[in-house]
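Only one structure is covered here, and it is reproduced in the block below.
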Amino acid sequence: MNFLLVLTLIVIISVQSRQENVSLDPCNDFYDYVCSNDTRSITELNFTSLFEDREILNPNISFPNNGTYITFDQILSPYSLMMWYMVVKSMDTPTVGSEFFDEATREYATKKNNSEKFSFALENLENLNLTLTNVFYNSLYANIEVLNQLNLPASEENEYLHHIFDLMKNNTIEEIWSSSLSNKSKKEFEKELNKSKVIFGLLDYNNVTMLEETKLIYETEYYRLKSLLSSNDLDTEIAEKIIRLGATDTATKNLGKRIPGYTPQFLFSAFASNMANEAFNQNSNIYCGIVTRSDLQEPILTIADTIFVLAHELMHFVYPFGIRLLPSNVTKAANKCTQDEVKMMGDSDAVKPIDGWFSENITHEDLPNLLGLRMVMKMVARKSANEEQLKNALETILSGLCIQGKPKNSILPNHHPFEISINTAVRQYPLFSSLYGCRLGDRMFAEPEKFCNPLGGDVNLEDYKIKNDTEDVGGFFNYIMDTANAFNFSFTN
Ligand SMILES: [Zn+2]
């Protein structure tokens with residue numbers, strides 16, 4: 001190697017390391033600061049795609065027909081057909097947001113009688129991709145495949161994770177009660193939150209036999225319905241769609257007998273989401289799927305991910321579901337404050353998101369991150385004996401959330417890029433700048449007078465600080481793992 005080349009290389013290396021140092025400043029980009037050290041090894045899973053037209057197995061049961069045929073509306077009522085159309089369509093997330101369903105529901109409500117309602121449902125169904133109607137069947141395959149690959153502890157309801165959920169739920173109720181909302185609103189929120197339940201994807205009801213039975217019910221119903229239609233009807237694509245939705249209806253209702261307390265639509269969405277790193281809050285019931293995006297050999301990071309996701313979903317009770325219980329000046333100011341923060345964080349990121357990344361209509365996804373992180377950091381403070389433990393917990397939470405295998409600031413359907421939303425929440429954690437020594441002018445520094453207040457009132461710094469009489473249990477996640485041990489819980493067998 002000649003001298004000039006060596007010199008050039010040294011110059012390049014030193015420039016690169018200087019650039020790395022800039023991006024590794026917690027006061028500049030906390031997500032990068034934590035996630036550049038992400039060494040988790042997430043298991044690659046192989047499973048059936050939910051979006052392929054897979055042949056429905058014939059269970060070899062004969063359904064003799066005596067020549068009497070049924071009509072489409074005898075398979076599913078107009079209401080059920082419309083409902084399943086919307087549930088299945090919701091899997092097509094890049095194209096549909098909540099406005100889509102509001103509009104469809106409103107229009108359906110204007111139809112006067114059953115036949116008008118059924119025609120409207122059929123019209124919508126015409127535009128639904130045929131393979132999408134196969135989603136539930138494919139998801140049963142995929143769930144069975146994934147469960148056979150992961151060595152998860154078998155359980156109906158995972159006791160430890162449900163204990164964590166109850167803890168988070170109680171803290172959410174506490175957050176509401178310590179806010180400046182009216183007593184009437186607080187009581188309403190408490191009632192709603194107390195009603196809520198959760199399913200932990202692949203960790204609750206992870207019984208392969210139950211899923212195989214559900215698959216057989218689907219197949220049997222599919223071929224039974226086929227035998228009831230005339231050959232003319234059977235020749236149409238719309239018949240195939242209705243039959244699949246009819247089989248979905250029967251199979252999910254049967255699943256509902258095994259998993260009581262949830263609607264067939266919720267169970268559909270839950271089992272279809274088990275492979276997709278998703279979580280959602282549907283009519284006060286929460287689905288939390290974290291197994292397929294986590295490194296199960298790193299239980300602390302996996303549980304940190306779970307805790308943050310639960311906090312986010314629980315805060316959806318407020319934004320957007322509970323905004324009617326908040327004064328409009330509070331929600332207006334909170335939306336504006338959060339929008340300004342998110343926009344600033346996106347526009348000032350070293351990695352620019354693609355043009356058009358920002359939308360005011362999806363602030364209700366950033367607000368739960370902001371509220372959720374604040375709540376979790378208050379919980380952390382109650383189990384921390386020093387500032388190092390506060391910082392460790394914050395970094396543990398972020399480490400559990402790092403996205404792998406995608407370019408930074410990738411566009412997400414109906415959400416702002418995750419890294420931007422999460423950095424905004426960290427910036428709005430009231431102790432962040434003092435813990436990391438960030439100053440006015442630093443990207444992650446928020447002036448205290450500019451803290452957003454999504455529940456009204458003002459930020460009380462004392463809520464986030466370490467209490468003098470706190471016993472040293474080694475920090476929040478030590479406490480969380482001690483609890484896991486007490487429940488004899490681990491993510492793998
Ligand atoms: Zn959300």
Side-chain angles (χ1 to χ4, degrees), residues 31 87 90-102 165 168-169 171-172 175-176 189 192-193 196-201 265-266 269-270 272-294 304-326 331 334-335 338-339 341-342 345-346 353 357-376 397-398 400-403 406 409-426 428 452 454-455:
Y31 178 88
V87 174
S90 73
M91 296 301 295
D92 194 9
T93 40
T95 61
V96 294
S98 58
E99 325 79 62
F100 171 86
F101 299 106
D102 294 344
F165 176 66
M168 305 291 299
K169 185 156 87 171
N171 273 275
T172 311
E175 278 288 279
I176 298 288
F189 273 125
E192 284 291 309
L193 279 156
S196 69
K197 297 194 295 290
V198 65
I199 284 190
F200 290 97
Q265 306 90 279
F266 180 90
S269 307
S273 299
N274 273 343
M275 279 63 61
N277 308 330
E278 279 198 43
F280 55 80
N281 180 334
Q282 195 182 87
N283 299 326
S284 299
N285 288 325
I286 292 171
Y287 164 82
C288 177
I290 34 89
V291 171
T292 55
R293 72 177 194 189
S294 291
D305 187 6
T306 309
I307 285 174
F308 186 80
V309 168
L310 287 177
H312 173 99
E313 295 307 332
L314 284 162
M315 287 304 176
H316 269 318
F317 276 91
V318 188
Y319 285 94
F321 305 138
I323 47 172
R324 69 180 195 289
L325 300 170
L326 271 64
T331 56
N335 273 311
T338 309
Q339 282 158 11
E341 286 275 304
V342 168
M345 290 307 275
W357 66 276
F358 179 80
S359 160
E360 287 184 0
N361 301 330
I362 50 176
T363 316
H364 61 263
E365 291 297 345
D366 306 305
L367 279 155
N369 284 341
L370 191 159
L371 280 167
L373 186 64
R374 283 187 185 174
M375 172 174 76
V376 173
I397 293 163
L398 262 283
L401 296 171
C402 299
I403 296 172
K406 269 191 197 163
N409 292 341
S410 293
I411 297 297
L412 277 173
N414 306 312
H415 295 70
H416 287 125
F418 184 73
E419 300 86 329
I420 294 171
S421 191
I422 208 74
N423 265 340
T424 304
V426 172
Q428 285 280 325
C452 306
L455 300 175

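These figures come from a predicted structure and were not determined experimentally. Note that ligands are numbered from 1 as they come in the structure, with each ligand's atoms numbered from 1 the same way. Quick note: numbers below take in every heavy atom, side chains included, and nothing from hydrogens, waters or symmetry partners. Each residue takes its place number in the sequence, starting with 1.
Using modelled atom types and a 3.5 Å distance limit, the side chains of Thr338 and Asp366 yield no donor-acceptor pair.
Listed by chain and number, His312 NE2, His316 NE2, Glu365 OE1 are the protein N/O/S atoms closer than 2.8 Å to the Zn ion (ligand 1), with waters left out.
One finds the CG atom of Leu314 at 5.0 Å from the CZ atom of Phe165 (value rounded to the nearest 0.5 Å). Distance OG/Ser196 to CG/Leu310: 10.0 Å, rounded to 0.5 Å.
Scanning for side chain to side chain donor-acceptor pair (under 3.5 Å) contacts around Gln428 gives Glu341, Arg374, with sequence neighbours left out. Qualifying salt bridge (charged side-chain N to carboxylate O under 4.0 Å, His left out) partners for Asp305, counting only residues two or more places apart in sequence or in other chains: Arg293. Considering only residues two or more places apart in sequence or on other chains, Phe280 meets the ring-ring contact (aromatic ring centres under 6.0 Å, His included) condition with Phe266, Tyr287.
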